[in-house]
Undergrad: 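Quick one: the structure is below, and I'll ask about it shortly.
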Amino acid sequence: IIFDDMWKDVSPSARDVVEQMLRVNRGIRISASAVLRHPWVKVARTKFPRRRMVQLLGSLRVNSQESEFKRFVLRVIAEQLPRDSKTEQAIEQAFRCLDRNGDGVLTVEEVTKGLKK
C-alpha cells in the first residue's frame, strides 16, 4: 500500500494497522481480535494526574450546562486553534483513563466514575 501526503502526519503504528486491515487476501489480513491487540489500538491504562483530571471534568461539566449555541461557538473556536501535540496527547491520555472498557466511547457511567475518583 502506498501512503500519499494525506498520511504524512499519521504515525507509523497507525499506518501499520491500517495496512494490515486493508489486505485483500483474508488469509493474511489481520483479524479483529488482533487489531484490538495492536499497539496503536490497544488502550493504555495510563494514569492521569488527579488535579488535571478534576480540572478537565469540571470544564466538561460547565460546558455541558452551557446553551447549545454557546457550545457550538466554543467548538468552532476550538477547531480553529492551532494543534499542539502536547495538548492532544494530554486529552487523549485523559480520554483513555476515563474509557475503562476501551471501546472508544465515553459513557455517562464512565465519566461519572471518573468524577468520583
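Note that the numbering runs from 1 along the sequence shown for the chain. Any value given below was found using the heavy atoms of this structure, including those in side chains, with hydrogens, waters and symmetry copies removed.
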Undergrad: According to a 4.5 Å side-chain heavy-atom criterion applied to Ile, Leu, Val, Met, Phe, Trp and Tyr, with indirect links allowed, do Leu22 and Val17 form part of one hydrophobic cluster?
TA: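 Leu22 clusters together with Val17.
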Undergrad: Looking at CE of Met21 and CZ of Arg29, how far apart are the two atoms once the value is rounded to the nearest 0.5 Å?
TA: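 The distance works out to 11.0 Å.
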Undergrad: Could you list the residues that satisfy salt bridge (Lys or Arg N to Asp or Glu O under 4.0 Å) with Glu109, not counting sequence neighbours?
TA: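 Glu109 satisfies salt bridge (Lys or Arg N to Asp or Glu O under 4.0 Å) with Lys113 once adjacent residues are dropped.
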Undergrad: Search all heavy atoms of Asp16 against all heavy atoms of Gln20 and return the closest pair with its distance.
TA: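 Closest approach of Asp16 to Gln20, heavy atoms only: OD2-NE2, 2.8 Å.
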Undergrad: So do Ile28 and Asn25 actually touch side chain to side chain, heavy atoms under 4.5 Å?
TA: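 They are in contact (side-chain heavy atoms under 4.5 Å apart), so the answer is yes.
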Undergrad: Without swapping roles, check the side chain of Gln65 against the backbone of Val62 for a donor-acceptor pair under 3.5 Å.
TA: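 No; judged by distance alone, with no hydrogens or angles, the pair does not exist.
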Undergrad: What is the distance from atom NE2 of His38 to atom OG of Ser33, rounded to the nearest 0.5 Å?
TA: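 If we round to the nearest 0.5 Å, His38:NE2 and Ser33:OG are 13.0 Å apart.
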